[in-house]
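First the structure, in the form of structure tokens, and then the observations on it.
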Amino acid sequence: MTKNLVIVESPAKAKTIEGFLGKEFTVKSCFGHVRDLAKNELSVDVDNEFTPRYIISPDKKKIVNELKKLAEKSEIVWLASDEDREGEAISWHLTQALELADDKIKRIVFHEITKDAIIKAINNPRLIDRNLVDAQQARRVLDRLVGFEISPVLWRKVKLALSAGRVQSVAVRLIVEREKEIDTFKAISAYKVVGDFILLKEGKEHLVHAELNRKFENKEEAEAFLKKCIQANFKVCNVETKPARKSPSPPFTTSTLQQEASRKLGFSVSKTMVVAQQLYEAGKITYMRTDSYNLSDLALATCSKEVSELFGKEYHQTRKYATKTKGAQEAHEAIRPTYISAHTIEGDASQQKLYEMIWKRTIASQMADALIEKTNVNISISTTTEEFIAKGEVVKFDGFLKVYIESTDDDNEENGKSILPPLALGDLLNRTEIAAIQKYSVQPPRYTEASLVKKLEELGIGRPSTYAPTISTIQKRGYVVIASRQGKERLYDVLTLKNASIQYQQRKEVFGFEKAKLIPTDIGNLVTTFLLEHFPDILDYNFTANVEKEFDEIASGHKVWNNMLKEFYSPFKKKVKYIEKNSEKVSGERLLGVEPETGKNVYVKLGKYGPIVQIGETDEVNKPRFAGLLKSQSMENITLTEALELFKLPRTLGIYEDKEIVASVGKFGPYVRYNNAFFALPKTENPLRITLERAIEIILEKIEKNSKKLIKEFESNKEVKVLNGRWGAYIAIGKENYKIPKGKKPEELTLEECLEISQEEKKTGKKTTKRSKK
DNA sequence: CAGTGAGCGAGCTTCCGCTTGACTT
């Protein structure tokens, strides 16, 4: 019987800490919050001091019971949840859920998982900070009020099952507004001039590449300049060398890890988190949901040793980074390898790549600046005052660059920062070619998942644990999609001076191509417009920052939490009621034109199940006709011709083996139907255009694939099957499915083994998976 | 589950943050 029960949030952490403490301590994890507001009702008594009604979260009942039993047998319960607002609340909820007496609990905190830190924490227990808990309650209740009051307004005024929230609505707004910027963006162009010269020195020819120190607004000016160059002499008129230094980036936080993994490894935000979680659970890295740049003293010391041994003492520099992130809570360390000495790890390719990146970033953060020598050489032109400038860069001491180079979102800086030939004042240069190239300004880039996270973090909106879920929520609600945009072609001018003649040329370039970016949908646009009109304060980019200030005042005891909520709620609720009563339903209806045959109006608007086209008026005796838009179309861009075409569905494509093939769009997207079965069309196919041949191909493929679904069947018991599913092989018995234990080959399973596995899983209480209803 | 889109109105949807497994066209 142990005397001490320590409760932390994460099970991996519990395991590590148990090793540090003696036999007298049992360490358990509560898996985060154990109580919350009930899911399907407001659960806040708004007329009575905003008293929350908490329940034990259904998925935590088991763990709460277990902890309760252990707590009863213990003398002291050490509440060791994270040292931040949520962590403090978790501890307080534990005292309530486990019914712990005040004299039985001790609250302890530590920021790093080292033996010293834990022992120190145990020796310095404190009480639960009720002010901090109240700040969390204010945060929780505010989010509930915002979400559960505004969402129903959207159901009635826009479309069913939509949602609004302090974080998600602002995230969507960012994407919507970026798209607007792109729509209204007008590219302007200027002529950039680059020159190639030859330097003759010591019998050798050296090539010098330089750029003019100004741009020209139009072709005429550019041409006039080139003409002046025909007779000109080019001479080095200034050589300037100055030292510069580059410093490494701080070690990773959740958000910077997501950004860098996206740029360097092409990982989605959620993939990064899944892989990081695996590394964490395997004990390879520290906790992956953090906003702190801090490294433990132990980590600093081992980095110092590692750098010195690998590269020499002169490469090492101890650095501590201060957090500049708004609202950071810094309950953890930065993300770093648990053991710096492990340069690589075992694991799958994703784990290895992500680990290597974390290792390099951590090590580099404790390395010396790179020392660089930058050289600017000015080249005068005898016939005019403009000058060419050649830039060179020489790394004198590589420092941290030996290990790690951070990438940026706009990796298109091409202008050569290379080594320059030995240019000296007064050197004469021969021109080989001077070109004036028309360059267009670049439209703002659409957000990637990772760059959206970066923006949200800058605004102090969302937390490390919610970045990935937020991105998936706004997609699930249909506000945004991840899609690519084809680039468009345009011509640009190139004027080239070679020998004594100027050649004029037009070249083609593709611009605006973007791959896998966040793009708003019609619904995203409509909802954002609606919310901006009626709830501008909540959609304000500073809303979170402002309420955070109030949460801080609650935490410091200068404000009472339910008073803060009262101040917010009274005007807010009034607004909600007013809108319910006075605002019209929005559908984004737009008149496209008239149908030629009938002269009836053709509209596009948001219907109950998504965007639709309507021919005729709603109040006519003859009901209007409707057709849904294709996924690739949008309410904003659809043309009358495209809209009318939609009414050609369903389309009969032809006959295959005596049966008709029909293409159309259904509840689940475009499909072809054949022999009473449905075959979903891949994204690349359009039901309006698909040919009979292609449809047959798709049908045969699917039939082929289905035949492979069955791995094994048993004569004596037809109920039992081994099937191939999306996540590999599984056993299906009637309508229940069972996992195949690791180490067993699906093809070799016998009927007896299958039944045994199903019995086993039922007994261990594992939830068997039933076919989802509906 | 693969043809809905009016209006009536039963019963439903929805937030953010903390944590892991379980999840099967």
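Keep in mind it's a predicted model, so treat the numbers as computed, not measured. Within every chain, numbering begins at 1; the chains are lettered A, B, ... in the order of the sequence lines, protein sequences first and strands thereafter.
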Q | Approximate separation, where rounding is to 0.5 Å, of A/Phe50 CZ and A/Arg140 CZ | A | 15.0 Å
Q | Integer angstrom distance from the P of B/dC23 to that of B/dT19 | A | 23 Å
Q. Going by modelled atom types, is there a donor-acceptor pair between the base of B/dC16 and the side chain of A/Arg139 at under 3.5 Å?
A. yes
Q: Look at the side chain of A/Arg140 against the base of B/dC15 and say whether a donor-acceptor pair falls under 3.5 Å; ignore hydrogens and angles.
A: yes
Q) Mapping A/Gln168 and A/His332 to their closest nucleotides on DNA chain B, which lands nearer the 5' end? A) A/Gln168
Q: For A/Ser169 and for A/Lys702, find the nucleotide of DNA chain B with the closest heavy atom, then tell me which residue's nucleotide is more 5'.
A: A/Ser169
Using only side-chain N and O atoms of [X], determine if any of them is under 4.0 Å from OP1 or OP2 of [N].
| X | N | answer |
| --- | --- | --- |
| A/Ser465 | B/dC18 | yes |
| A/Arg166 | B/dG17 | yes |
| A/Ser163 | B/dC15 | yes |

Q. Going by the angle between their ring planes, with limits at 30° and 60°, are A/Phe572 and A/Phe568 parallel, tilted or perpendicular?
A. parallel
Can you check nucleotides 8-13 of chain B for protein contacts, nitrogen or oxygen pairs under 3.5 Å, and list what you find?
{"residue": "B/dT13", "atom": "O2", "partner": "A/Ala161", "partner atom": "N", "Å": "3.3"}

Q: With pairs defined as Watson-Crick or G-U wobble and both distances under 3.5 angstrom, please note down DNA chain B as a dot-bracket string, | for pairing with another strand.
A: .........................
